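Structure record follows, encoded as structure tokens.
What's counted below: heavy atoms across the whole structure, side chains too, no hydrogens, waters or symmetry copies. It should be emphasised that the depicted structure is a prediction, and the values quoted were computed from it without experimental measurement.
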Amino acid sequence: MPDHPIGIHHVEIGVGDLDRSLDFYQGLLGLQRAEVPEPPGVRWLSAGSALLKLVETVSGDLGGWINDDLQRGIRHVGFTVGDVDLQADRIRDAGIPFTLPPLDAVGGVRLAFFQDPDGTHLEIIDKHLQYHKVSSPELADRERAAAEARPRTAGPSFGHVAVTVDDLDATLAFYRDTLGYQVIGQISQNQDPRGFLLTYLQAGESVLEVFTFTAPTTPSPWAPEANRHGFRHIAIAVDDVDKARARLVAAGARETVDGLLVDADGIPLRPVDGR
């Protein structure tokens, strides 16, 4: 385990048109360009606690990703906001349809879901979670204090990445025990016939939201294709890239192309230097 878990550095997203995606993420959502070197076809956006890396892949597609949370792998990126309805009005006025319109959700939050121009699934969420089971009162209190201090007009800021996994114990052994991500708490979706449980792990300044179900899940369709749109990988900041890679491989990740690792649920990871 690292001396201190650093967490999520960025999420890489494949897009079909950089200008169109910048209009969406920067113009509509209000994210800012990051001061990071940008080779041709790449744009970096600062989203608060993490970055988004947009990579232009003109002829790509979602590579089999579908909007069904029973499909394992990366499901969505969630952004905290000051007021979901205030932000939803701007999104609606821009002609962006909601995959889930604003609603009050289990756990005391309000949320909405929509997709970027290439189908990447995004969430906006306000308030703070009231966990059914709290594992870290300190981290839960920190979330509450941050939500109470957030202005109503606050725009989207990176909050979490959601993933669906097959085996929660195996996932905790991988992310908690190997990377040092601390469990904050859990929300039970008792009304959901699929047996839906959400487990939240603190990943540096961001959160890894883990979906598990008693219903059968389907495999992740992720493959290391250069033309992939949508979620391409999660970059995790670590103290030592080589040592972290070795630990993750020993914990069950497999190595693929271009330095990427993939965990047992088909979640692509890239260790990056976070020092």
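Separation of atoms CD1 (I13) and CG (L122) is listed at 6.5 Å; rounding is to 0.5 Å. For the atom pair L261 CG and I236 CD1, the distance stands at 7.5 Å (nearest 0.5 Å). The CD atom of Q186 sits 3.5 Å away from atom OG1 of T199, with the distance rounded to the nearest 0.5 Å. Rounding to the nearest 0.5 Å places CD of Q87 at 10.0 Å from CG of D85. Rounded to the nearest 0.5 Å, atoms CG (L45) and CG (L22) are 6.0 Å apart. To the nearest 0.5 Å, the span separating CZ on F113 from NE2 on H76 amounts to 4.0 Å.
Atom CD of Q191 has more than 12 neighbouring heavy atoms from other residues, nucleotides or ligands inside a 6.0 Å radius. For E148, the CD atom is densely surrounded, since the number of other residues' heavy atoms within 6.0 Å is greater than 12.
Of the charged side-chain nitrogens involved, none lies within less than 4.0 Å of a carboxylate oxygen, so that R245 and D242 do not count as a salt-bridged pair. Ionic pairing of E38 and R33 is present here: one or more N-O contacts between side-chain nitrogen and carboxylate oxygen are shorter than 4.0 angstrom. Ionic pairing of R110 and D104 is present here: one or more N-O contacts between side-chain nitrogen and carboxylate oxygen are shorter than 4.0 angstrom.
Side-chain heavy atoms closer than 4.5 Å link hydrophobic residues (I, L, V, M, F, W, Y) into clusters, and following such links, even through other members, never connects W222 to L62. Placement of L197 and L201 within a single hydrophobic cluster is found when ILVMFWY residues are connected by side-chain heavy-atom separations under 4.5 Å, directly or transitively. Residues V77 and I91 share a single hydrophobic cluster, defined by chaining ILVMFWY side chains whose heavy atoms lie under 4.5 Å apart. A continuous path of hydrophobic side-chain contacts links Y200 to F211 [ILVMFWY only; heavy atoms under 4.5 Å]. Under the 4.5 Å side-chain heavy-atom criterion for ILVMFWY residues, a single connected hydrophobic cluster contains both V183 and F174.
Residues I184 and A140 come closest through the heavy atom pair CG2-N, 4.0 Å. Nearest heavy-atom pair, I74 versus I267, reported as atom, atom and distance to 0.1 Å: CG1-CG2, 4.2 Å. Considering every non-hydrogen atom in both R270 and D258, the closest pair reads NH1-O, 2.7 Å. Between Y181 and I8 the shortest heavy-atom distance is OH-N, 4.4 Å. The shortest heavy-atom contact between L54 and V15 is CD2-CG1, 4.2 Å. Across all non-hydrogen atoms, the minimal contact from T120 to G230 is OG1-CA, 3.2 Å.
Two residues are said to be in side-chain contact when any heavy atoms from C-beta on lie closer than 4.5 Å; D273 and V238 fail this criterion. Inter-residue side-chain proximity for R150 and T80 is flagged as met; some heavy-atom pair is nearer than 4.5 Å. Put simply, the side chain of T212 reaches to within 4.5 Å of the side chain of V165, judged on heavy atoms. By the 4.5 Å heavy-atom criterion applied to side chains, V163 and L208 are counted as neighbours. Within the 4.5 Å cutoff, no side-chain heavy atoms of S206 are placed close to those of H160. Side-chain contact between V249 and E255 is present, with heavy atoms from C-beta onward closer than 4.5 Å. Side-chain contact check for V11 versus K53: every heavy-atom pair is 4.5 Å or farther apart. Residues T178 and L248 are in side-chain contact: their nearest non-hydrogen atoms beyond the backbone lie under 4.5 Å apart.
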Before you tell me yes or no, could you show the steps for L103 and F98 under side chain to side chain contact (heavy atoms under 4.5 Å, CB included), namely the whole-Å CA-CA distance, both residues' side-chain angles and the distance that decides it to 0.1 Å? CA-CA 11 Å; L103 57 79; F98 289 98; over 6 Å; no
Does the pair L111 and I124 meet the rule for a side chain to side chain contact (heavy atoms under 4.5 Å, CB included), with working shown? CA-CA 6 Å; L111 53 80; I124 50 174; over 6 Å; no
side-chain hydrogen bond (donor to acceptor under 3.5 Å, both in side chains) evaluation trace for S46 with Q32: CA-CA 5 Å; S46 176; Q32 301 298 311; over 6 Å; no
Determine, stepwise, if the pair I96 / F24 fulfils side chain to side chain contact (heavy atoms under 4.5 Å, CB included). CA-CA 10 Å; I96 307 298; F24 178 85; 4.1 Å; yes
Full working for side chain to side chain contact (heavy atoms under 4.5 Å, CB included) between R20 and D118: CA-CA 10 Å; R20 180 181 66 181; D118 296 287; 2.8 Å; yes
Salt bridge (Lys or Arg N to Asp or Glu O under 4.0 Å) between D89 and R92: does it pass, once the steps are laid out? CA-CA 5 Å; D89 286 344; R92 188 182 294 110; 3.0 Å; yes
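Judged by distance alone, the side chain of R43 and the main-chain N or O of D19 form no donor-acceptor pair under 3.5 Å. Remark: side-chain polar atoms of R232 are paired, donor with acceptor, to backbone N or O of R228 under 3.5 angstrom. The closest donor-acceptor contact from the side chain of S188 to the backbone of N190 lies at 3.5 Å or more, if one exists at all. With R247 contributing its side chain and L179 its backbone, the two residues share no donor-acceptor pair below 3.5 Å. Not one N or O on the side chain of D263 forms a donor-acceptor pair closer than 3.5 Å with the backbone of G252. Panel note: side chain Q71, backbone G64; a donor-acceptor pair is recorded below 3.5 Å. The closest donor-acceptor contact from the side chain of D126 to the backbone of V81 lies at 3.5 Å or more, if one exists at all. A donor-acceptor pair is defined here as one N or O able to donate and one able to accept, closer than 3.5 Å; no such pair exists between the side chain of Q202 and the backbone of Q182. With hydrogens and angles ignored, the 3.5 Å screen pairs a side-chain donor or acceptor of S136 with a backbone N or O of L139.
In this model, no donor atom of one side chain and acceptor atom of the other lie less than 3.5 Å apart for Q115 and H121. Side-chain N/O atoms of Y131 and E143 include a donor and acceptor closer than 3.5 Å. Under the 3.5 Å distance criterion, with hydrogens and angles disregarded, a donor-acceptor pair is assigned to the side chains of T217 and R72.
Remark: R254 pairs with no residue by the salt bridge (Lys or Arg N to Asp or Glu O under 4.0 Å) rule, at least two apart or across chains. Residues satisfying the side chain to side chain contact (heavy atoms under 4.5 Å, CB included) criterion with Q130, sequence neighbours excluded, are H128.
Below 30°, between 30° and 60°, or above 60°: for F213 and F196 the angle between ring planes is below 30°, a parallel geometry.
Aromatic pair W44/H10: ring centres closer than 6.0 Å.
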